[in-house]
Q: 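Structure below; questions to follow.
Every chain is numbered from 1 and lettered A, B, ... according to where its sequence line falls, protein lines coming before strand lines.
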Amino acid sequence: MVTGGVTKFAKAHPAMDFRLMVKRAYDYAVKGIPNLTKDRIDGTRISYFSDHFSRQLKAASMVQDYLGLNPKGSVRIEWGGATGGECFQAAYEAVASGRMDVCLAAGYETMSRVATWKGNEFIALASDTNFDFPLGGFYTGYYALMVVRHIYEYLRLTRFAHVQDEREAQRLAIQEGSRIMSMVSVKNHRNALHNPYAQYPKRLTVQDVLNSEMISYPLTREQICTMSDGAAVAFLCSESVAREFTDRPVLVKGVGCGTDTMRLADRPFGKVPLMPNESARDYAHLPYPGVHSFRAGRAAGLEAYRMAGITDPNRELDFIELHDAYASSEIQTYEDLGLCRYGEGYGFVERGDPFLRGIDYGFPTPHAGAIPVNPSGGLIACGHPVGATGLMQGVFAFWQLQGTVPQHFGDPALQLKDPKRGAIHSHAGTGSSVTVSILERGFR
Amino acid sequence: MKARPPTLTKFRDVQAELARSGAALFRDPDGVESLVVRYPYAIEYIHSYAEDSPFFLGLAEGRLRGSRCTKSGCGCVYATPRSHCMECGSPTEWVDLPKAGKLHSWTTCHFGSEAFLKETPYNLALVEFDGVNSLLLVRLKDARESDLYVGMPVEARFDPNPKYAVTDIWFVPK
């Protein structure tokens with residue numbers, strides 16, 4: 001990867017349609033790279049999630065034409081919430097296969113074109129329309145089902161094992177889980193105070209998050225990402241030409257993708273696919289994935305780690321930008337990606353491992369800096385214009401590895417000290433498809 | 001000549017104006033004005049339940065039917081039907097499921113998609129059945145948020161006026 005650009009994510013950008021948004025992100029990316037001219041681009045991969053939001057089929061062709069890139073090759077990428085992550089990998093594959101030397105990955109979504117609850121309906125149409133949608137098709141409801149079970153497996157049966165009354169034990173476990181999920185929301189909103197691209201930077205407290213409106217029990221409004229308008233682009237190049245455009249390229253060292261059943265109800269109860277540093281004994285009695293964990297995330301992580309030669313992700317990654325559509329799914333994803341063992345996600349937050357050093361969160365974070373997760377503020381605070389989101393993560397990760405966050409954000413607070421390797425993680429509907437890509441600094 | 005639509009600076013007000021008159025000018029903080037218009041869209045689908053049809057016909061007769069793999073040695077039983085086995089790919093046969101099970105997980109939705117907003121709050125539940133390998137997603141009625149817990153016994157109810165939809169069945173606490 002040699003450069004990238006992002007528009008500010010916002011509730012609505014009525015003054016820009018999707019073509020202009022992508023153009024703005026594109027112009028930002030090529031600014032200051034005089035020899036990255038249009039004729040150097042061999043082709044494009046363009047992503048957006050839903051045709052419903054703009055009621056314009058083949059909208060990617062309109063992006064291609066607005067950028068003046070005809071008659072170069074192009075294809076539209078769509079894979080639910082993981083659309084942006086898939087687009088990044090599609091561009092990677094176009095280059096890695098030798099088909100292109102320079103591929104533009106561009107993504108966007110204009111979700112403000114319908115009312116919020118209609119937008120939720122469009123998103124819920126990405127669940128089985130025979131069996132799931134008619135019951136009240138609502139993604140927050142599906143993730144709430146998953147986290148209630150996650151809390152049952154990993155808090156009720158551990159920290160509250162001593163409580164005899166079943167309802168009381170589960171109630172206490174959910175309270176505990178909600179408190180810890182709120183710490184994740186505080187982290188991401190406060191990180192975003194230093195990110196000018198973020199939609200909702202906020203100085204929240206755990207209590208603020210808990211007190212915000214209940215959307216689907218136990219998930220509250222501040223634990224959930226919002227819909228957004230936004231665009232992002234990334235330029236991927238072969239190693240042979242990358243240095244013509246920058247002396248600070250970032251290498252894509254591994255890509256992984258995993259899938260799972262569309263319906264939550266069909267998830268099997270089998271065995272955990274193990275990370276190299278895990279043992280079957282760790283999970284002797286854990287039915288997996290059930291509805292508590294994302295098998296697709298584990299599969300994507302395993303593939304990407306194997307390709308990048310990573311055997312202990314917690315020690316070998318310096319940061320992760322992951323798909324926190326819900327504070328709950330951020331915690332579930334720590335476990336899927338092997339940052340900690342299954343069941344340790346809540347303790348991982350309480351110890352402070354995914355927090356940044358040097359930022360005040362309003363509570364102690366003794367292990368802060370161990371492996372910062374969503375230093376940019378993630379989806380919860382940056383917003384989630386679906387087709388752009390996975391590419392936004394790619395751009396933020398790219399700037400981290402280049403060490404150029406202070407210059408792009410106008411604020412040095414989120415720049416990690418000398419990061420060598422990071423991961424980006426993009427996730428679709430209840431974990432039905434997930435991508436993980438490993439990025440590494442490509443210069444001394 | 002038609003008068004220019006009203007200029008508004010809040011997107012929320014633009015939405016209200018569209019509902020009222022069908023057009024508005026949105027002025028952003030940089031002073032850029034965009035014409036925003038109402039753009040309705042409606043469609044009726046000719047939807048076939050295809051191989052899942054017996055499930056929906058069953059609900060209308062007060063039967064809850066799942067699928068069982070016909071391959072000996074596999075025999076996976078699915079609470080949400082599928083005409084081929086996910087594990088081995090063999091055809092499945094229809095089986096009657098128990099009409100009672102336990103909550104595997106649950107939630108209460110206080111908001112929902114536009115189509116379901118008027119029904120809030122409602123409970124969603126994943127139900128597990130003895131001897132069945134997968135779950136069934138249903139509405140859970142006659143129960144408040146504070147009553148619900150993982151493991152709670154629940155039983156099926158069928159709509160006496162079936163609409164041939166998955167909502168023809170729901171569960172209640174047993």
Q: Crowded around Ile46(B) CD1? As in, over 12 foreign heavy atoms under 6.0 Å?
A: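 Check fails, neighbour count at 12 or below.
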Q: Answer whether the closest heavy-atom distance between the side chains of Asn130(A) and Phe56(B) falls below 4.5 Å.
A: yes
Q: A side-chain contact here means heavy atoms from C-beta on lying under 4.5 Å apart; do Leu137(B) and Leu264(A) qualify?
A: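 Result no, sub-4.5 Å side-chain heavy-atom pair not found.
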Q: Check each atom of Ala115(B) against the heavy atoms of chain A and say whether the ones under 4.5 Å are side chain, backbone, both or neither.
A: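 Both backbone and side chain.
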Q: Does any heavy atom of chain A fall under 4.5 Å from the side chain of Val138(B), the backbone, both, or neither of them?
A: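 It is the backbone, since no side chain atom gets that close.
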Q: Using the benzene-type ring in the case of Trp, are the ring centres of Phe116(B) and Phe133(A) under 6.0 Å apart?
A: yes
Q: Answer yes or no: is there a side-chain heavy-atom contact under 4.5 Å between Ser105(B) and Tyr152(A)?
A: no
Q: Quick check against the 3.5 Å criterion: does Gln15(B) have a side-chain atom that pairs as donor or acceptor with the backbone of Ala115(A)?
A: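 Side chain of Gln15(B) to backbone of Ala115(A), a donor-acceptor pair under 3.5 Å: no, none is there.
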Q: Is it the backbone or the side chain of Leu35(B) that comes under 4.5 Å from a heavy atom of chain A, or both, or neither?
A: neither
Q: Would you say the rings of Trp106(B) and Tyr217(A) are close, in the sense that their centroids are separated by under 6.0 Å?
A: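 Judged by ring-centre distance (under 6.0 Å), Tyr217(A) and Trp106(B) do meet the cut-off.
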Q: Would you say the side chain of Arg82(B) lies within less than 4.5 Å of the side chain of Asp266(A), judging by non-hydrogen atoms?
A: yes
Q: Got Met152(B) and Gln170(A) here, is their nearest side-chain heavy-atom distance under 4.5 Å?
A: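 Counting from C-beta outward, Met152(B) and Gln170(A) never come under 4.5 Å.
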Q: Testing the basics here: between His104(B) and Arg149(A), what is the closest heavy-atom pair and its distance to 0.1 Å?
A: O-NH1, 3.0 Å
Q: Report yes or no: is the cationic atom of Arg221(A) (NZ for Lys, CZ for Arg) under 6.0 Å from the centre of the six-membered ring of Phe111(B), at an angle within 45° of the ring normal?
A: yes
Q: Look at atom CZ of Arg55(A) and say whether more than 12 heavy atoms of other residues, nucleotides or ligands are closer to it than 6.0 Å.
A: yes
Q: Which of residues 156-167 of chain A get closer than 4.5 angstrom to chain B, counting heavy atoms alone?
A: Glu166(A), Arg167(A)
Q: For chain B, which of Gly137(A), Gly141(A), Ala144(A) has the most heavy-atom pairs under 4.5 Å?
A: Gly137(A)
Q: Quick one: what part of His47(B) sits under 4.5 Å from any heavy atom of chain A, side chain, backbone, both or neither?
A: side chain
Q: Closer than 3.5 angstrom, by distance alone: can the side chain of Tyr122(B) be matched with the main-chain N or O of Gly136(A) as a donor-acceptor pair?
A: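 Pair found, side chain donor or acceptor close to backbone of Gly136(A).
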Q: Quick one: what part of Asp52(B) sits under 4.5 Å from any heavy atom of chain A, side chain, backbone, both or neither?
A: side chain
Q: Minimum heavy-atom separation for Ser216(A) and Cys109(B), please, with both atom names.
A: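 That closest heavy-atom pairing would be OG-SG, 3.4 Å.
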Q: Name the member of Leu135(B), Leu103(B), Asn133(B) that forms the most heavy-atom pairs with chain A at distances under 4.5 Å.
A: Leu135(B)
Q: Please look at Pro81(B) and chain A and tell me whether the side chain, the backbone, both or neither of the residue comes under 4.5 angstrom of a heavy atom of that chain.
A: both
Q: Would the distance check show the side chain of Thr80(B) and the main-chain N or O of Ala265(A) forming a donor-acceptor pair, the cut-off being under 3.5 Å?
A: no
